[in-house]
Structures are given as structure tokens and as C-alpha cells.
Amino acid sequence: VINSYEAASSKLPPAAMKKMLDTARAELGDTFLFVADVKIPGMTLYFNHFRDNRKVPAAAEKAFLDTLQSYLDVADGLYLGFNGKQPTDGGEYGSKYDVEYGKYIRDVILKLYARPQNKGKVLGVVVQLGYVNHFTGMINSQEYGSETFRNNFEVALSLNPDYIITFEWN
């Protein structure tokens, strides 16, 4: 299994990815699975719609699903996360994992994977412990003991993914 990193934010759109994969499979045979990392479109959906409005307009959800489907059409599966970050009320550095957004994304992904053309596609999920690094210049998710991890993991398990990656840079 080749798990890409940030495929949806790279300069490799699905058409170019298909060409690359076709070339690799012509040379190597059908000996690998390629899973596209599509965390960024979910983060964009969150920050543009869900975080402040607590809902996503139907057109934005359709565009999100279309983007994910375009990657599923050329890759063997998707790798994603639930990156909703709510600002905290207490003024502390960091943000809090948005449980409701995790559940929203879960439901959208279940709809996507229920489509007949996606039967047998791989689903990988990232579970974050939290990420605190003031050098990044952005507000990151606090750990809050193990709350961030537990909430992420609960949503991830409810998807029944093929694999889960837990990672932490700190």
C-alpha cells in the first residue's frame, strides 16, 4: 500500500495522478494499492462552512463529494482525517477537536463509500493525538489529556476503515 501525503493539495490533480499510476502499473504490474490523502478538502469545507455556521450548504457538500470521487476514480482508495478545530473560549493556545464535524464528515464519507462504483475501495483514516507547535504560525489542536485522541478514534472506528494511522510530530 502506497499512502500518499497531501495528494489533494499537491500539484497532482486526479488526471495527472491517473497518468502516473497507469505508467507505474504498466512497468510494475498491478502489484500495489495507491491511496490518495484527501485531508485538505475536508479542512477547507470546515473552515469555509461548518465552523461558523454549524452546517454545510448542499452545493458545497456536493462539490466536496465530487472532489473526493475524482480521486477515488483513479486511486485505490482514500486516506482522510477529521480536521475540524474549534477555537477555545478560555483564551488558551490551541484549538479543540470539533466532535460534531467529525460526525458530519463520517456520514458524508459513508455516503461516498456506499456508491456502487466505490465498492472495494480502500479507506484509511488518520487519528491525531493533538498537535501543539507554536512555530507553525497556526493554531493547532490541543491534546486535552487524551480527549482529542479519543474523539478522533471514536469517529474513525465508526467508519470501519481498512487501516488507521496515528501519528504525532511532537
Side-chain angles (χ1 to χ4, degrees), residues 1 3-18 21 33-89 94-131 138-142 144 147-167:
V1 175
N3 194 93
S4 74
Y5 181 71
E6 304 294 355
S9 66
S10 69
K11 305 275 189 232
L12 192 64
M17 185 180 293
K18 180 179 180 350
L21 291 170
L33 296 172
F34 182 83
V35 181
D37 178 344
V38 292
K39 293 188 303 287
I40 296 297
M43 290 173 67
T44 302
L45 190 71
Y46 179 75
F47 287 112
N48 289 349
H49 300 288
F50 195 91
R51 183 175 69 176
D52 295 329
N53 302 319
R54 308 313 294 165
K55 61 184 177 181
V56 175
E61 183 176 301
K62 182 186 180 318
F64 175 64
L65 282 167
D66 289 348
T67 297
L68 298 186
Q69 187 63 59
S70 70
Y71 283 95
L72 266 178
D73 288 344
V74 299
D76 298 300
L78 299 178
Y79 170 67
L80 52 96
F82 316 101
N83 300 69
K85 300 175 187 175
Q86 286 182 315
T88 59
D89 295 329
S95 59
K96 197 164 181 98
Y97 173 77
D98 191 330
V99 175
E100 293 308 310
Y101 183 67
K103 291 176 182 176
Y104 166 76
I105 285 293
R106 174 201 58 208
D107 294 345
V108 171
I109 297 305
L110 288 172
K111 271 196 275 190
L112 179 69
Y113 272 77
R115 293 176 177 176
Q117 70 265 36
N118 298 330
K119 184 177 182 183
K121 293 284 188 170
V122 175
L123 177 60
V125 179
V126 60
V127 172
Q128 213 174 36
L129 301 172
Y131 179 59
M138 63 183 177
I139 301 300
N140 298 279
S141 300
Q142 291 279 17
Y144 293 102
E147 181 181 337
T148 298
F149 175 76
R150 286 182 288 116
N151 287 334
N152 262 258
F153 203 71
E154 181 180 314
V155 172
L157 285 176
S158 70
L159 281 164
N160 192 28
D162 296 294
Y163 65 93
I164 296 174
I165 295 177
T166 57
F167 69 91

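Proximity of Ile109 to Leu68: side-chain heavy atoms (C-beta onward) are separated by under 4.5 Å at one or more points. Between Ile105 and Phe64, some side-chain heavy-atom pair lies under the 4.5 Å cut-off. Between Asn3 and Tyr163 there is a side-chain heavy-atom pair separated by less than 4.5 Å.
Without hydrogens or angle criteria, Ser4 side chain to Asp37 main chain gives a donor-acceptor distance under 3.5 Å. Judged by distance alone, the side chain of Asp76 and the main-chain N or O of Val122 form no donor-acceptor pair under 3.5 Å.
With rounding to the nearest 0.5 angstrom, the NZ atom of Lys103 is 6.5 Å from the CD atom of Glu154. For the atom pair Thr166 OG1 and Phe153 CZ, the distance stands at 7.5 Å (nearest 0.5 Å). Within the model, atoms OH of Tyr79 and OH of Tyr71 stand 16.0 Å from one another, a figure rounded to the nearest 0.5 Å. Atom-to-atom distance recorded for Leu112:CG and Leu123:CG is 9.0 Å, nearest 0.5 angstrom. Taking CG from Leu72 and CD from Gln117, the interatomic distance works out to 8.5 Å, rounded to the nearest 0.5 Å.
When each of Thr67, Asp66, Asp73 is tested with Gln69 by the rule side-chain hydrogen bond (donor to acceptor under 3.5 Å, both in side chains), just one qualifies, namely Asp73.
The shortest non-hydrogen separation linking Ala156 to Val125 is CB-CG1, 3.6 Å.
Using a cut-off of 4.0 Å between Lys/Arg side-chain N and Asp/Glu carboxylate O, Lys111 and Asp107 are scored as not salt-bridged.
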What do the steps show when you test Leu159 against Tyr113 for side-chain contact (heavy atoms from CB on, under 4.5 Å), and what is the final call? CA-CA 10 Å; Leu159 281 164; Tyr113 272 77; over 6 Å; no

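Atom NZ of Lys121 has more than 12 heavy atoms from other residues, nucleotides or ligands within 6.0 Å.
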